[in-house]
2 protein chains.
Amino acid sequence: MESKDEKIKIVRGIPEPTLRRLPVYHQYLRELEQKKVFFISCTAIAADLKLIPIQVRKDIEMTGVVGRPKIGYSVKQIIDGIEEFLGWKKSSEAFLAGAGSLGAAILGYQGFKEYGLDILAAFDNNPAKAGTIIHGRKVYAMEKLPDLIRRMKVKIGIITVPAVSAQKTADIMMDAGISAIWNFAPVKISPFGGVIIQNENLAASLAVLSKKLKVMQAAENIRP
Amino acid sequence: MESKDEKIKIVRGIPEPTLRRLPVYHQYLRELEQKKVFFISCTAIAADLKLIPIQVRKDIEMTGVVGRPKIGYSVKQIIDGIEEFLGWKKSSEAFLAGAGSLGAAILGYQGFKEYGLDILAAFDNNPAKAGTIIHGRKVYAMEKLPDLIRRMKVKIGIITVPAVSAQKTADIMMDAGISAIWNFAPVKISPFGGVIIQNENLAASLAVLSKKLKVMQAAENIRP
DNA sequence: TCCTAATAGATATTTATTTATCGATATAAA
DNA sequence: TTTATATCGATAAATAAATATCTATTAGGA
Ligand SMILES: NC(=O)c1ccc[n+]([C@@H]2O[C@H](COP(=O)([O-])OP(=O)(O)OC[C@H]3O[C@@H](n4cnc5c(N)ncnc54)[C@H](O)[C@@H]3O)[C@@H](O)[C@H]2O)c1
Ligand SMILES: NC(=O)c1ccc[n+]([C@@H]2O[C@H](COP(=O)([O-])OP(=O)(O)OC[C@H]3O[C@@H](n4cnc5c(N)ncnc54)[C@H](O)[C@@H]3O)[C@@H](O)[C@H]2O)c1
């Protein structure tokens, strides 16, 4: 138990803002790599991504990648370092529940594969959807979900069902032994058995945007 | 100019984490309201949303809503307060560029209307899509975007085009006088002319989930 | 070969955010 | 009416994150 707590403490020790910036570096560095850029300084990264060099350096430090004075970092090493650090090297298999419009968009998005997320299949309680194929992935009836999670030892569940069904769907997944849930429904899922819940809340971003816009417009009204 | 800077300073003074939590309270309180609950204490909100009372109280304080000792807050007042505070009272009109699978999901999502976001139409550079209707909204050719932004004085642009076209699309919107851009492509948009950019990065959330999962699995390997 | 400048890495400081403490207030029960 | 207590609101402390400063290293030119 100590080891687990210790490990969890280590995650706590990584600033979540850093974790959220790592994919931004990753995307940017992959573009650089394609342009045959092999070394880069944190100063240059910061300039391109509109961050500050110190922050970039600290973020990279977290992944364990080291650079060389006057040279910078190896682009490939940072990319590998981020993938290793986040666990993107060995891909995790996932099931998606709720093959509606958002579910279909997620199924169709190729980008997640690069992040080690391999969505195997979708599940829906609408009989009309069961048996169909969306972006190359089969849609099964919800009844098959628990058994398939157990048999295939799938660790990640993605929830794109309506808000009212989200907790129920999560319960089914957690009962069947899933380890982590990525929830797109606008409700807070109550976890049990140490399951990791990542709530994705588009309204949160919209709130930030709305407020900034409101303040900007208020300022314009004062001085047009 | 001073007034504008001052206003922007005020936004800076509001913790962004608070802004991101407000929609969570909003959603929760609307559910309460439907259950005919008219008063609620921050202790009760915190218990239900797995937060701590002090944080809830400070967040509510930001909106200017006041409560009464021993009674709590008026549910309706907080809901109104949040909507007023975030500028959700008077809805903002938006255009969406990139009527692909993610664009379609966003067009189909009813929830945004409650947050004062009214997506009027979509735009796509694929001639096959122009003229179609997605979730009740018309899809126009991209060429029509600048003129329509100007004529209808639309203030918000939503970008769901592929990453390579995101900056170009943003430039078109900004040239036409848009005030804020909500960008779903995994690239950082460079703004000009004081345009507000809100980058939505699903990979960021996935990174947090991945790391937690990796650490958990590492812990399990030590003590199964 | 030595000097210069760019750069990473370590340490320190500042700022932002969260959490705790305490006093005031109003309700409801005694 | 009085008293106990749940609650808000203000202030203070602690924690987390961002930023600044200093030091050491090394490529590349003088
Ligand atoms: N579309 C968006 O842009 C968007 C944005 C933010 C949040 N969301 C959230 O994502 C979720 C899905 O949104 P959507 O627009 O795709 O809705 P949708 O109605 O298009 O899709 C929901 C799907 O879930 C299925 N479903 C319903 N109940 C189910 C159950 N109990 N078990 C399994 N499947 C079930 C339905 O058959 C349907 O196919 C909602 O919770 C919504 O609030 C969507
Ligand atoms: N689908 C997801 O779950 C998801 C998740 C994260 C990020 N994204 C990002 O969202 C964006 C869209 O993803 P998608 O899955 O909907 O892709 P998609 O290919 O289904 O849709 C893209 C749409 O944009 C249109 N388009 C292309 N170039 C354009 C241009 N220059 N101007 C106007 N329209 C143009 C295409 O015709 C198409 O309809 C991408 O940048 C993707 O990386 C998607």
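Below, read A as the first sequence line, B as the second, and so on, with proteins coming before strands; counting in each chain starts at 1. Please read all numbers here as calculations on a predicted model, not as lab measurements. The figures that follow rest on heavy atoms only: side chains count, while hydrogens, waters and symmetry mates do not.
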In whole angstrom, give the distance that lies between atom [atom1] of [X] and atom [atom2] of [N].
X: M62(A); N: dA18(D); atom1: CE; atom2: P; result: 10 Å
X: K58(B); N: dT17(C); atom1: NZ; atom2: P; result: 11 Å
X: I52(A); N: dA8(C); atom1: CD1; atom2: P; result: 14 Å
X: I45(A); N: dT7(C); atom1: CD1; atom2: P; result: 11 Å
X: I14(B); N: dT18(C); atom1: CD1; atom2: C1'; result: 17 Å
X: L19(B); N: dT17(C); atom1: CG; atom2: P; result: 10 Å
X: F39(B); N: dT7(D); atom1: CZ; atom2: C1'; result: 13 Å
X: E61(A); N: dT7(C); atom1: CD; atom2: P; result: 18 Å

Please test D171(A) against Q167(A) for side chain to side chain donor-acceptor pair (under 3.5 Å), starting from the C-alpha separation and ending with a verdict.
CA-CA 6 Å; D171(A) 290 344; Q167(A) 182 68 52; 2.9 Å; yes
According to a strict under-4.0 Å criterion, is [X] in side-chain N/O contact with OP1 or OP2 of [N]?
X: Y73(B); N: dA6(D); answer: no
X: R68(B); N: dA24(C); answer: no
X: R57(B); N: dA20(C); answer: no

With a distance cut-off below 6.0 Å to the six-membered ring centre and an angular limit of 45° from the axis, does K211(A) pair with F85(B) as a cation-pi contact?
yes
Residue pair K50(A), S190(B): steps toward the side chain to side chain donor-acceptor pair (under 3.5 Å) verdict
CA-CA 9 Å; K50(A) 272 138 211 145; S190(B) 300; 2.6 Å; yes
Residue whose closest nucleotide on DNA chain D lies nearer the 5' end, I54(A) versus I71(A):
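Its nucleotide being nearer the 5' end, the pick is I54(A).
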Does the dT5(D) base have a donor-acceptor partner in the side chain of K70(B) within less than 3.5 Å?
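Such a pair is found, so the answer is yes.
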So which heavy atom on D59(A) is nearest to which on L22(A), and how close?
O-CD2, 4.1 Å
